[in-house]
Amino acid sequence: MLDEAHRRLARGTDVVVGLVETHGRAGTAAEVEGLEVVPRRMLEHRGVTLGELDVAAVVTRAPQVVLVDELAHTNVPGAGHPKRWQDVHDLLDAGIDVITTVNVQHLESLNDDVAAITGVRQRETVPDQVVRDADQIQLVDLPPQALRRRLAHGNVYRAEQIDASLSSYFRVGNLTALRELALLWLADRVDAALATYRQDHRIEQPWPARERIVVAVTGGEEAVTLIRRAARIAQRGAGSELLAVHVLATDGLPSAPPAAIAEQRRLVESLGGTFHTVVGEDVASAVVDFARGENATLIVVGVSTRSRWREVFIDSTGTQIARVAGAIDVHLVTHERARAGRVRGRRPSALSPVRRTVGWVLAVAGPVLLVALLAPLRGRLLLSTDLMAFLALAVAVALVGGLWPAVVSAVLGFVLLNWFFIEPRGRLTIDQPENALALVVFVLVAAGVASVVDLAARRTGEAFRARAEASALAAVSRSVLAGDDTADALVARLRETFTLEAVALLEERDGRWSTLASAGTDPPEAPAGAGTVLTVDEHRVLALAGRALPASDRRVLDAFASQVGILLEHERLRAQAEQARVLEQADATRTALLAAVSHDLRTPLATIRASVDGLTNVDLELDEADRATLVETLGDATARLERLIDNLLDLSRLQTGSVRPVLRPTSLDEIVPLAVDGYAPGAVTLDVRESLPLVLTDPGLLERVVANLVQNAVRHSPAGEPVTVTAAALSDRIVLRVVDAGPGVPDDLKDHLFEPFQRLGDTSGTGLGLGLAVASGLASAVGAEVVAEDTPGGGLTMLVTVPRAGRTP
């Protein structure tokens with residue numbers, strides 16, 4: 001609960017502590033630090049003053065979230081409500097979210113089971129429904145052995161209670177049984193939530209494999225029957241999903257009244273489905289493309305409204321869908337308007353409108369012009385030559401206009417050849433059978449060539465489209481895998497690829513939509529304001545605004561959505577990895593601190609305690625020399641302890657970012673002497689001239705930097721070898737050198753010199769290994785830099801580079 005509070009606080013949520021019981025646990029108390037705590041309401045009961053949750057104070061404070069520990073707690077008489085969970089209801093009624101805790105043994109329904117398992121009946125319980133009504137329940141699960149180790153380490157009870165607890169309530173069998181009760185109770189809660197979901201969505205059967213049903217909506221009166229029929233089919237399979245699709249023409253104009261489409265959209269949504277609009281010149285192909293993009297298992301389509309004699313020449317939409325649906329089942333539904341006559345249909349073409357127009361002009365005018373050219377040569381050219389000329393014209397029309405203009409050109413050429421060039425001329429009769437055969441072959445060859453040209457044009461268009469899709473997806477995949485793209489970049493690329501007005505990546509939390517990334521003008525702020533919505537995951541969608549997209553684009557759109565999901569998952573994993581790294585560093589720091597404190601702080605404390613005992617013991621007769629020695633020892637140990645604590649405090653300030661330097665022009669000869677004061681004569685040699693330019697720094701912090709460096713150098717210098725402190729001016733900075741003649745540090749360990757708790761082989765026990773870490777941190781805070789170099793002849797030289805006054809640090 002406290003970890004969640006810190007996470008929300010870091011996110012900007014207003015979180016306060018209403019009541020948290022630490023039970024004397026230092027770890028719990030440390031977690032409370034940094035959180036605002038609402039004072040408790042103090043009540044007297046049987047001569048003892050007890051603190052309870054102050055509901056009125058929390059309501060007056062009006063935070064977004066309040067922490068309330070121990071939900072099953074029984075309040076002190078006079079607190080208002082007899083139980084704390086009733087106080088929580090008051091807070092919820094006041095519009096304040098509550099995060100609370102409860103142990104599994106305190107659930108009312110498990111009271112008898114817990115008593116049978118542990119032999120202890122819980123007197124404080126909470127009704128199960130109170131917990132079930134929570135918006136979110138998080139199970140804090142720990143293996144019994146791990147929990148017993150926490151108990152043995154003193155993380156739960158005081159030392160005098162540990163043995164009794166381990167041998168009674170906290171036995172492995174008890175903990176295992178309680179753990180199973182918790183898991184089963186939560187599983188039952190999930191099952192109940194699933195049953196509620198099925199009931200809300202009218203799903204009555206057990207939950208099988210997911211099934212998606214697509215219903216083709218025309219906008220006509222029959223669409224209502226289709227939608228209701230598809231909804232009933234969806235309800236037969238638990239978890240089925242209903243999707244309605246309406247196909248627009250390539251010009252984007254509706255083929256049905258907008259009011260009828262809007263009414264059918266509302267009907268679909270009221271039945272728990274979703275309504276989609278796609279663009280496609282061929283309705284059957286558009287519906288099947290959409291169904292494949294949505295991974296549908298069934299397509300529901302109405303029986304054709306065309307009359308039977310028209311279906312002799314042109315297949316119905318349902319028949320065309322069944323022909324191209326492949327592995328997707330097709331369900332035909334009859335209705336009142338079946339066979340009652342149909343509105344205009346549309347024929348597919350892979351050619352542009354301009355090419356089709358030119359093709360029709362050539363199909364009609366070309367044969368006439370060709371007759372005008374060949375008529376003067378009649379009698380001098382053979383019939384085969386005339387046929388080849390008209391065949392060449394039909395092929396040219398096929399290349400330009402496609403199949404049907406070429407067929408018209410061939411038929412018209414057949415008539416003109418028969419009328420003008422075949423005996424008897426001027427009549428549609430043929431005397432010689434071979435001429436009739438030649439004309440029939442001419443028409444068949446022209447139609448065949450036109451079909452091949454049309455198919456080649458279609459395949460070429462599909463190839464160009466597939467190559468463009470593959471190129472776009474490959475670029476997106478490379479950028480996502482390389483970590484180069486952000487969500488904003490992917491959204492912008494999606495908008496550019498499909499020439500949309502705007503695209504937004506939306507996230508839903510607590511019933512509200514927020515924008516994670518957007519591109520374009522006036523991006524949608526909710527799925528309801530978008531023309532097309534793509535699901536990324538459970539809580540995120542891509543909302544597209546602008547032109548209606550063809551059904552064939554759904555595959556690429558779904559791939560974009562998948563890439564966005566992968567990107568968001570990568571970002572989440574990177575954030576978790578960074579958080580884990582920070583926690584690992586903090587844990588390592590904590591472990592090293594405990595190890596260091598256990599030795600380094602204990603030594604001066606032991607010295608102080610021994611000196612104080614010696615000075616205060618009336619049974620000891622001390623002369624003045626002994627007393628002076630003890631006093632001196634006491635002073636040295638105290639000074640040493642003070643330095644250790646100062647370093648710990650400085651490190652803590654650096655890690656929390658609370659160091660606030662005040663930079664001003666200062667002379668080094670005012671800082672360095674103070675930093676080296678207190679050492680024995682000859683231990684430190686100082687060479688800092690008064691004529692050096694001023695530096696821009698915080699005098700107090702820079703003094704601590706130099707003091708730590710000098711202290712480290714003195715500790716490692718051989719006896720009789722002084723530490724030298726010098727300073728020299730460069731063009732824009734002053735370089736201060738702290739030189740010792742000690743053992744030095746190998747090059748491969750220099751990078752670790754400034755890490756906390758690093759001694760690099762020093763076993764003197766005279767410090768926590770914080771001096772250089774603190775010096776480096778404080779130097780960075782004042783705009784300086786600390787670097788380690790080898791001393792010529794042996795030893796280590798610390799270089800402190802400080803900006804000169806008047807320069808930018």
Side-chain angles (χ1 to χ4, degrees), residues 1-2 5 15-63 65-94 96 98-112 114-115 117-128 130-131 140 147 150-171 174 178:
M1 178 179 67
L2 293 170
V15 182
V16 301
V17 175
L19 189 143
V20 168
E21 297 288 359
T22 65
H23 297 290
R25 301 166 188 162
T28 306
E31 287 283 340
V32 177
E33 293 180 3
L35 299 173
E36 179 183 346
V37 179
V38 177
R40 301 189 185 192
R41 180 184 178 188
M42 307 308 297
L43 299 171
E44 185 172 352
H45 179 63
R46 295 181 180 178
V48 179
T49 301
L50 302 172
E52 291 290 357
L53 173 65
D54 194 336
V55 177
V58 175
V59 172
T60 302
R61 169 61 176 77
V65 180
V66 60
L67 309 185
V68 179
D69 201 8
E70 298 185 356
L71 183 64
H73 172 76
T74 300
N75 290 332
V76 173
H81 293 297
K83 304 290 290 188
R84 184 167 292 166
W85 61 265
Q86 295 171 312
D87 295 336
V88 168
H89 278 178
D90 288 347
L91 295 174
L92 295 174
D93 292 339
I96 302 173
V98 179
I99 303 178
T100 185
T101 62
V102 64
N103 291 338
V104 64
Q105 63 266 27
H106 294 301
L107 294 171
E108 181 67 44
S109 65
L110 302 178
N111 192 260
D112 293 337
V114 171
I117 292 169
T118 64
V120 178
R121 180 169 295 276
Q122 300 294 328
R123 291 178 296 175
E124 293 186 330
T125 60
V126 60
D128 289 43
V130 173
V131 183
V140 183
L147 184 55
R150 283 178 49 82
L151 193 70
H153 293 160
N155 295 331
V156 181
Y157 293 134
R158 294 188 295 271
E160 60 269 21
Q161 298 176 285
I162 293 177
D163 291 339
S165 300
L166 287 174
S167 60
S168 57
Y169 195 92
F170 286 86
R171 296 195 303 270
N174 288 357
L178 291 174

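Keep in mind it's a predicted model, so treat the numbers as computed, not measured.
- Not a single side chain to side chain donor-acceptor pair (under 3.5 Å) links Arg25 to another residue, sequence neighbours left out.
- Of all the heavy atoms in Gln86 and Lys83, the pair that sits closest is OE1-N, 3.0 Å.
- Using a distance-only test at 3.5 Å, with no hydrogens or angles considered, no donor-acceptor pair links the side chain of Asp69 to the main chain of Leu19.
- Under the side-chain contact (heavy atoms from CB on, under 4.5 Å) criterion, Asn75 pairs with Glu52, His73, Ala79, His81, Arg84, Asp87, sequence neighbours left out.
- At a threshold of 4.5 Å between non-hydrogen side-chain atoms, the residues Val120 and Gln105 do not count as touching.
- Residues passing the side chain to side chain donor-acceptor pair (under 3.5 Å) test with His106: none are found, sequence neighbours excluded.
- Taking both residues in full, the closest heavy atoms of Val15 and Ala5 are given as CG1-CB, 3.9 Å, listed atom of the first, atom of the second, then distance.
- Checked options Asp90, Ile96, Val68; the residue passing with Val55 is Asp90 (criterion: side-chain contact (heavy atoms from CB on, under 4.5 Å)).
- In this structure, Arg150 has no side chain to side chain donor-acceptor pair (under 3.5 Å) partners at least two apart in sequence or on a different chain.
- With sequence neighbours excluded, the residues forming a salt bridge (Lys or Arg N to Asp or Glu O under 4.0 Å) with Asp112 are Arg121, listed by chain and number.
- Note that the NE2 atom of His45 and the CG atom of Leu50 stand 7.5 Å from one another [nearest 0.5 Å].
- Here Leu147 pairs with Leu142, Phe170, Leu175 under the side-chain contact (heavy atoms from CB on, under 4.5 Å) rule; sequence neighbours left out.
- Under the side-chain contact (heavy atoms from CB on, under 4.5 Å) criterion, Ala57 pairs with Val38, Asp54, not counting sequence neighbours.
- Between the side chain of Thr49 and the main chain of Glu44, no donor-acceptor pair closer than 3.5 Å is present.
- Once rounded to the nearest 0.5 Å, the distance linking CG of Asp128 with CG of Leu110 reads 6.0 Å.
- For the side chain to side chain donor-acceptor pair (under 3.5 Å) test, no residue two or more places apart in sequence or in another chain qualifies with Thr28.
- Legend: salt bridge (charged side-chain N to carboxylate O under 4.0 Å, His left out) pairs involving residues 28-43, not counting sequence neighbours, sorted by first then second residue: Glu21-Arg40, Glu36-Arg61.
- The CG atom of Leu178 lies 9.0 Å from the CG atom of Asn103; values are rounded to the nearest 0.5 Å.
- When the side-chain contact (heavy atoms from CB on, under 4.5 Å) test is applied to Leu71, the partners found at least two apart in sequence or on another chain are Trp85, Val88, Thr100, Val102, Val126, Val130, Val131.
- Inspection of the Asn111 and Thr125 side chains reveals no N or O donor paired with an N or O acceptor under 3.5 Å.
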